[in-house]
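One structure is given here, and the rest of the page talks about it.
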Amino acid sequence: MERRSLTTSHPTQAQTGSPWPKDVGILALEVYFPSQYVDQVELEKYDGVDAGKYTIGLGQKQMGFCAAHEDINSLCLTAVHRLVERSRISWDSIGRLEVGTETIIDKSKAVKTVLMQLFEDSGNTDVEGIDTTNACYGGTASLFNAADWVESSSWDGRYALVVCGDIAVYATGNARPTGGAGAVAMLVGPDAPLALERGLRATHMEHVYDFYKPDMASEYPIVDGPLSIQCYFRALDRCYATYRKKIESQWQKAGINKHCTLEDFQFMIFHTPFCKLVQKSLARVVLNDFLASPNPDLESGIYKGLQDFRNVKLEDTYSSKEVDKAFQKASQELFNQKTHPSLFLSARNGNMYTPSVYGCLASLLAQYSAQQLAGSRIGVFSYGSGLAASLFSLKVSENSAPGSPLEKLVSSLSDLGARLESRKCVPPEKFAEIMKIREDTHHLVNHTPHGSSSDLFPGTWYLEQVDDKNRRNYARRPM
């Protein structure tokens with residue numbers, strides 16, 4: 001495949017005299033998900049639960065999963081390799097590589113170091129960056145780090161690359177249907193079709209045990225479901241309030257006096273533990289707008305009939321079914337317009353943890369044309385238990401002409417639906433068997449992991465062997 005080095009195509013700040021590179025953000029994006037899945041309707045029957053518990057209650061259709069011969073290293077190897085190949089850039093044009101993951105298989109050796117084998121033939125070892133971990137937030141922290149590097153005095157004109165990946169598996173029980181797996185790789189640099197809006201990051205962090213993994217011998221987490229949902233909503237409330245203050249301050253300096261609401265975002269995407277939570281989250285944004293509005297129209301529009309909720313306090317509504325039901329109903333049309341298209345992958349593959357919200361971004365880009373997306377603002381809410389959360393926004397380029405960076409980015413994701421359709425559906429009994437094998441062989445040494453490479457998509461990396469010193473060797477299935 002043809003390679004073209006773009007190492008010198010982006011001038012540094014010193015060369016341009018400008019204080020900032022322009023429009024730093026996402027230039028290209030690659031999604032990897034497993035080649036097999038279990039159907040959630042069939043899983044409901046197998047688990048003996050009420051029909052609709054997973055499909056309606058959680059909003060999930062299918063769940064992708066990995067056999068034991070895929071691990072976090074192989075997922076990230078696949079996503080990074082494919083991104084570089086499809087972007088047709090040279091390996092020496094990358095100056096920073098950040099990894100976001102909570103799937104830890106070594107307490108010392110970073111996934112980033114494993115990925116450096118991809119750079120060996122190019123001779124490029126001058127690659128900054130390392131792994132970042134905090135539940136599902138590591139991918140966003142890595143994206144921020146990459147963008148900050150491009151905007152810093154350390155930038156040497158090369159690209160930054162971010163990869164976030166995880167394998168979300170749970171013990172048998174109510175949480176298992178909320179699993180999933182995958183990786184998303186993003187190329188970061190200036191003149192991006194998806195630019196991070198400067199100064200518009202809002203973050204909320206606090207100490208809480210809602211979801212955590214203290215047992216290093218197990219892939220399974222300890223989860224307090226109700227607490228985790230409460231923390232998610234609280235973080236969303238805090239981040240949205242801070243974001244509004246920051247953008248309103250920018251507007252005031254530009255002579256614009258207005259309040260920021262959901263209407264200022266053409267699209268709003270969320271970290272997606274399960275799809276139903278995202279619908280509740282969009283409703284919560286509308287609740288925030290309603291309570292912040294000095295004079296909402298209670299006679300018509302989306303706030304019609306909501307006068308009884310005018311004086312509620314946000315902190316009292318986390319578990320209120322009455323508030324939840326009323327605002328989901330009020331926001332249904334906005335949800336369909338601004339958020340539902342982003343759940344295409346999540347509904348069919350499940351929770352990918354750190355790549356989750358970026359899988360939602362890929363879904364959004366895959367279902368609209370460059371012309372439809374041009375000039376829009378995409379709100380992004382990222383949440384990681386424990387907890388760390390941020391709300392930021394991406395501004396889509398105005399240029400949607402054929403051959404433009406935006407058109408190329410959108411076109412590169414047009415096969416998302418076809419790739420999902422090409423997966424193999426595995427019966428629940430076989431899924432449970434594979435999960436048991438994965439559990440029993442987790443961290444075994446001197447063995448060949450269970451699973452056949454012929455089951456994988458072409459070009460997928462996989463774990464070939466673990467030796468007696470726990471060193472892992474990988475191979476790639478031919479394209």
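Note that the structure is predicted; figures quoted are calculated from it, not measured. Basis for what follows: all heavy atoms, side chains included, without hydrogens, waters or symmetry-related copies. Counting from 1, the numbers follow the sequence of the chain as shown.
Of the inter-residue distances, the one linking Leu200 atom CG with Ser393 atom OG reads 4.5 Å to the nearest 0.5 angstrom. Put simply, CG on Leu83 and CG on Leu29 are 7.5 Å apart, with the number rounded to the nearest 0.5 Å. Atom CZ in Phe119 sits 5.5 Å away from atom CH2 in Trp91 (nearest 0.5 Å). Note that the CD atom of Gln266 and the OG atom of Ser376 stand 5.5 Å from one another [nearest 0.5 Å]. Ser390 contributes atom OG, which lies 8.0 Å from atom CZ of Arg201 (distance to the nearest 0.5 angstrom). Here CD of Gln117 is found 8.5 Å from CG of Asn73. Values are rounded to the nearest 0.5 Å.
A donor-acceptor pair under 3.5 Å is formed between the side chain of Gln371 and the backbone N or O of Ser400. Judged purely by atom type and a 3.5 angstrom limit, Ser87 has no side-chain atom pairing as donor or acceptor with the backbone of Val84. Side chain of Ser369 to backbone of Gln372: a donor-acceptor contact under 3.5 angstrom is found. Looking only at distances, no side-chain donor or acceptor of Arg96 sits under 3.5 Å from a matching main-chain atom of Glu128. Under the 3.5 Å distance criterion, the side-chain polar atoms of Glu407 are matched with a main-chain donor or acceptor of Gly403. Judged purely by atom type and a 3.5 angstrom limit, Ser404 uses its side chain to pair as donor or acceptor with the backbone of Ala401. No donor-acceptor distance shorter than 3.5 angstrom exists from the side chain of Asn124 to the backbone of Glu120, with no hydrogens or angles considered. Proximity of a side-chain donor or acceptor of Arg419 to a complementary backbone N or O of Val31 within less than 3.5 Å is detected. A donor-acceptor pair under 3.5 Å links the side-chain atoms of Thr261 to the main chain of Glu263, judged by distance alone.
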Quick one: do Gln279 and Gln332 satisfy side chain to side chain donor-acceptor pair (under 3.5 Å)? Show the steps, please.
-> CA-CA 8 Å; Gln279 184 170 3; Gln332 183 66 55; 3.0 Å; yes
Just do the side chain to side chain contact (heavy atoms under 4.5 Å, CB included) check on Leu27 and Val188 with the steps written out, would you?
-> CA-CA 6 Å; Leu27 294 152; Val188 177; 5.9 Å; no
For salt bridge (charged side-chain N to carboxylate O under 4.0 Å, His left out), just list the numbers for Arg438 and Glu219, CA-CA rounded to whole Å, side-chain angles, deciding distance to a tenth of an Å, and then say yes or no.
-> CA-CA 9 Å; Arg438 187 175 183 91; Glu219 289 189 287; 2.9 Å; yes
Evaluate the criterion salt bridge (charged side-chain N to carboxylate O under 4.0 Å, His left out) for residue pair Glu42 and Lys430; output intermediate values, then yes/no.
-> CA-CA 12 Å; Glu42 295 303 314; Lys430 182 66 174 177; over 6 Å; no
Starting from the C-alpha separation in whole Å, work towards a yes-or-no answer on ring-ring contact (aromatic ring centres under 6.0 Å, His included) for Tyr37 and Phe65.
-> CA-CA 6 Å; Tyr37 70 92; Phe65 66 95; 8.6 Å; no
Could you go through the side chain to side chain donor-acceptor pair (under 3.5 Å) check for Asn351 and Thr178 one step at a time?
-> CA-CA 6 Å; Asn351 185 7; Thr178 64; over 6 Å; no
ring-ring contact (aromatic ring centres under 6.0 Å, His included) evaluation trace for Phe211 with Tyr383 = CA-CA 12 Å; Phe211 171 111; Tyr383 176 83; 9.5 Å; no
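Inspection of the Glu248 and Gln252 side chains reveals no N or O donor paired with an N or O acceptor under 3.5 Å. Between Asn399 and Ser397, the side chains place no donor N or O within less than 3.5 Å of an acceptor N or O (distance only, hydrogens not considered). For the 3.5 Å distance criterion, the side chains of Tyr462 and Asp71 fail to qualify, holding no donor opposite an acceptor. Side chains of Gln367 and Ser363: no donor on one and acceptor on the other come within 3.5 Å. Using modelled atom types, one finds a donor on one side chain and an acceptor on the other under 3.5 Å when comparing Asp289 with Tyr240. Arg423 and Gln62 share a side-chain donor-acceptor pair at under 3.5 Å.
Aromatic pair Phe327/Phe290: ring centres closer than 6.0 Å. The aromatic ring centres of Tyr368 and Phe267 sit less than 6.0 Å apart. A centroid separation of 6.0 Å or more is found between the aromatic rings of Trp461 and Tyr474. The aromatic ring centroids of Tyr243 and Phe392 lie 6.0 Å or more from each other.
Salt-bridge formation is not detected for the pair Asp148/Arg198: no Lys NZ or Arg NE/NH1/NH2 atom is positioned less than 4.0 Å from an Asp or Glu carboxylate oxygen. Taking 4.0 Å as the cut-off between side-chain N and carboxylate O, Arg472 and Glu464 do not count as a salt-bridged pair. Ion pairing between Lys53 and Glu44 fails under the 4.0 Å rule for side-chain N and carboxylate O.
Nearest heavy-atom pair across Leu75 and Gly182 is CD2-O, 3.6 Å. Tyr32 and Ala79 make their closest contact through CB-CB, 4.5 Å (heavy atoms, listed as atom of the first residue, atom of the second, distance). When all heavy atoms of Arg158 and Trp149 are compared, the pair lying nearest together is O-CZ3, 3.5 Å. Among all heavy-atom pairs drawn from Thr460 and Arg82, the shortest one is OG1-NH2, 3.5 Å. Shortest non-hydrogen contact noted between Met435 and Val169 is SD-CG1, 4.0 Å. Looking at every heavy atom in both residues, Val357 comes nearest to Phe381 through CG2-O, 3.7 Å.
Residues forming a side-chain contact (heavy atoms from CB on, under 4.5 Å) with Pro405 (at least two apart in sequence, or on another chain): Pro193. Scored by the salt bridge (charged side-chain N to carboxylate O under 4.0 Å, His left out) test, Asp324 finds Lys280 as partners (sequence neighbours excluded). Under the side-chain contact (heavy atoms from CB on, under 4.5 Å) criterion, Ser35 pairs with Leu456, Phe457, sequence neighbours left out.
When each of Arg377, Lys395, Lys258, Lys338 is tested with Asp264 by the rule salt bridge (charged side-chain N to carboxylate O under 4.0 Å, His left out), just one qualifies, namely Lys258. Tested against Tyr137, the residues Thr132, Leu387, Thr203, Thr354 include a single side chain to side chain contact (heavy atoms under 4.5 Å, CB included) partner, Thr203. Looking at Ile72, Asn134, Ile167, Asp166 one by one, the single match for side chain to side chain contact (heavy atoms under 4.5 Å, CB included) with Glu102 turns out to be Asp166.
In the displayed structure, Lys61 atom NZ is contacted under 6.0 Å by at most 12 heavy atoms of other residues, nucleotides or ligands. Within 6.0 Å of atom CG in Asp297, more than 12 heavy atoms from other residues, nucleotides or ligands are found, so the atom counts as buried in its surroundings.
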